[in-house]
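See structure below.
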Amino acid sequence: MKSNRKGRVNAKTKAVIALCILCVLTVVCGVLGVTGMPLDSRGLYKLLPWLPTTNADAWPSTLPLGLDLRGGVYVEYSAARPENSEASFDSLIEGTITVIQNRLTDRGYAESTVQRIGGDGIRVEIPDVTDPNAILDLIGTPAKLEFRDPTGEAFMDGSMVQLAGVALQEGEYVIQFQLNDEGAAIFAEKTAEFLGRNIAIYLDDAVLVDATVQSVISQGSGIINGMGSLERAQTVAAQIQSGALPLVLTQQKVDTVSATLGDDALSSSVLAAIIGILLIMVVMIVRYRLNGIVASWALVIYIILLFFLIAVIPGIQLTLPGLAGIVLGIGMAVDANVIIYERFNEEVRSGRPLKASVRAGFKNAMSAILDANVTTLIASIVLMYFGTGSIQGFAKTLLLGVITSMFTAIIVTRFLMKQIVALNNWDVKLFTSGVQTRKEEQ
């Protein structure tokens, strides 16, 4: 009897310690996620908040906001299919996107996004920009194509290139080029001077090709090898020949999203999400009693963990569709808890002790949880792979939300329930209704 009593005391003590540690971690991570924290007395190094904020005096969030929440300019183009081109249209589209993205990055718009929409469309989004004309001029300006010697000095520009195309030589895709008379004379002199050294081709001050001169090119025509794939060779050849965008773009739509509208959308969306989460917590507590409190705690952990992952994983921007994906993920997390608690209640009502009911409830609920989440995972992966723009933003946050909800339901909720049950000889009516008042059998 003494050893059993001592074992129960030790189990309760461990449960109290575990719950206290998890509670402290939840509070600390939640506060840091919202407010951030200075890491030194001067304030030079900061742990930025994970969650978005509309407070102008607050530190910037580590979570990048999309155009619809942050404000900026977006432009949509349609690309004309070239009549006489050896390169495939898909490779030319990709080359055009690359050139536009590089131009924007070089001009300081590192957070801009350039995406393909449909078969022949390109969408450009630049946050924190109020003048669309400056962006349109930047995108529409012909590219600056230069040939530079090993010292970095430009000796020829793209106007001297007459033709550049793809050929297959000895099983390798190469670029064949032809220069005009002026370019041929210059190139012959430079290839003789720098034989065995590298001559680079720059596009908008970025290296496009860096090739070793293997022979003197005196007739104005030569080849560039080392391209690897056919798509790479086609894209580079198109960029060399045009000296500008590989495709002719026609502007279809341009619009400006004000930062004020973005702040209003973010504020209203966050407020709606908070209200919805609080209502969910109230319903869970009313319906599942003590387990509802456990579910609310697990939901808070889920939200903190989800926003942390979104903040640290590159390539994710928070948009209004992305917020919808987060809310849907919260619904999936709650749905998993509902399944677990219903199975738990069934076991309790059949007369099983609480500890055994926790084990059986999770075991019986696992297949339903996995089935529901796996189908949603497949749908989000398909949307992320085939979708564009806001659809991809929705799919990415939904994918992370489902993975995180599975973790919190299977790991966190189970851990919390086991520790709560170990705390006390609970009256089962604190967990469910429909049973006679009794204490858990030890």
Side-chain angles (χ1 to χ4, degrees), residues 8 11-27 30 274-306 327-373 401-402 404-442:
R8 288 195 296 269
K12 292 178 181 179
T13 302
K14 291 180 181 178
V16 170
I17 294 174
L19 291 174
C20 288
I21 292 175
L22 186 58
C23 181
V24 171
L25 288 176
T26 303
V27 173
I274 291 175
I275 294 174
I277 292 170
L278 292 178
L279 289 176
I280 289 173
M281 289 180 176
V282 170
V283 171
M284 293 294 288
I285 292 173
V286 171
R287 176 67 179 86
Y288 296 107
R289 306 181 183 187
L290 192 56
N291 278 338
I293 297 176
V294 173
S296 300
W297 190 351
L299 187 58
V300 171
I301 296 175
Y302 162 82
I303 295 171
I304 294 172
L305 183 59
L306 176 60
V327 173
L328 184 56
I330 292 174
M332 297 293 294
V334 173
D335 180 63
N337 283 326
V338 169
I339 295 174
I340 292 169
Y341 296 148
E342 289 297 334
R343 298 294 183 269
F344 170 83
N345 288 348
E346 291 174 0
E347 299 298 326
V348 171
R349 289 165 185 162
S350 67
R352 282 196 176 191
L354 292 178
K355 293 181 181 179
S357 297
V358 171
R359 291 192 296 269
F362 273 90
K363 181 179 178 180
N364 296 334
M366 197 57 58
S367 60
I369 293 174
L370 291 177
D371 289 344
N373 284 277
V402 172
T404 308
S405 71
M406 291 178 65
F407 171 79
T408 53
I410 297 173
I411 305 298
V412 177
T413 301
R414 184 171 188 170
F415 174 80
L416 289 174
M417 288 184 68
K418 290 176 66 176
Q419 304 308 315
I420 291 292
V421 168
L423 278 179
N424 194 10
N425 190 18
W426 299 101
D427 188 328
V428 293
K429 283 193 172 182
L430 292 174
F431 293 89
T432 185
S433 59
V435 294
Q436 298 296 325
T437 302
R438 63 179 178 81
K439 300 289 185 179
E440 182 188 5
E441 299 173 7
Q442 301 294 329

(request) For Ile277 and Met281, run side-chain contact (heavy atoms from CB on, under 4.5 Å): C-alpha distance rounded to whole Å, both residues' side-chain angles, the deciding distance at 0.1 Å, then the answer. (result) CA-CA 6 Å; Ile277 292 170; Met281 289 180 176; 3.8 Å; yes
(request) State plainly whether the residues Arg352 and Glu346 are in salt-bridge range, i.e. N to O under 4.0 Å. (result) no
When rounded to the nearest 0.5 angstrom, what distance separates [atom1] in [X] from [atom2] in [Y]?
X	Y	atom1	atom2	value
Ile369	Ile339	CD1	CD1	5.5 Å
Leu290	Ile285	CG	CD1	10.0 Å
Thr404	Leu305	OG1	CG	5.0 Å
Arg359	Phe344	CZ	CZ	11.5 Å
Leu416	Thr408	CG	OG1	10.0 Å
Thr413	Lys418	OG1	NZ	13.0 Å

(request) Quick one: do Asn345 and Arg287 satisfy side-chain contact (heavy atoms from CB on, under 4.5 Å)? Show the steps, please. (result) CA-CA 11 Å; Asn345 288 348; Arg287 176 67 179 86; 4.3 Å; yes
So do [Y] and [X] actually touch side chain to side chain, heavy atoms under 4.5 Å?
X	Y	answer
Cys20	Val16	yes
Val338	Met284	yes
Leu370	Met406	yes

(request) Please determine which of Glu342, Arg343, Glu347 meets the side-chain hydrogen bond (donor to acceptor under 3.5 Å, both in side chains) test together with Asn364. (result) Glu347
Looking only at non-hydrogen atoms, find the nearest pair between [X] and [Y] and report the distance.
X	Y	value
Asn373	Ser405	OD1-OG, 3.5 Å
Ile340	Phe362	CD1-CE2, 3.5 Å
Thr26	Leu22	OG1-O, 2.7 Å
Trp297	Leu19	CH2-O, 3.5 Å

(request) Only counting residues at least two apart or in another chain, list the ones meeting ring pair (Phe, Tyr, Trp, His ring centres under 6.0 Å) with Tyr341. (result) Tyr288
Show every donor-acceptor pair shorter than 3.5 Å between a side-chain atom in residues 328-335 and any protein atom, with sequence neighbours excluded, or say none if there are none.
none

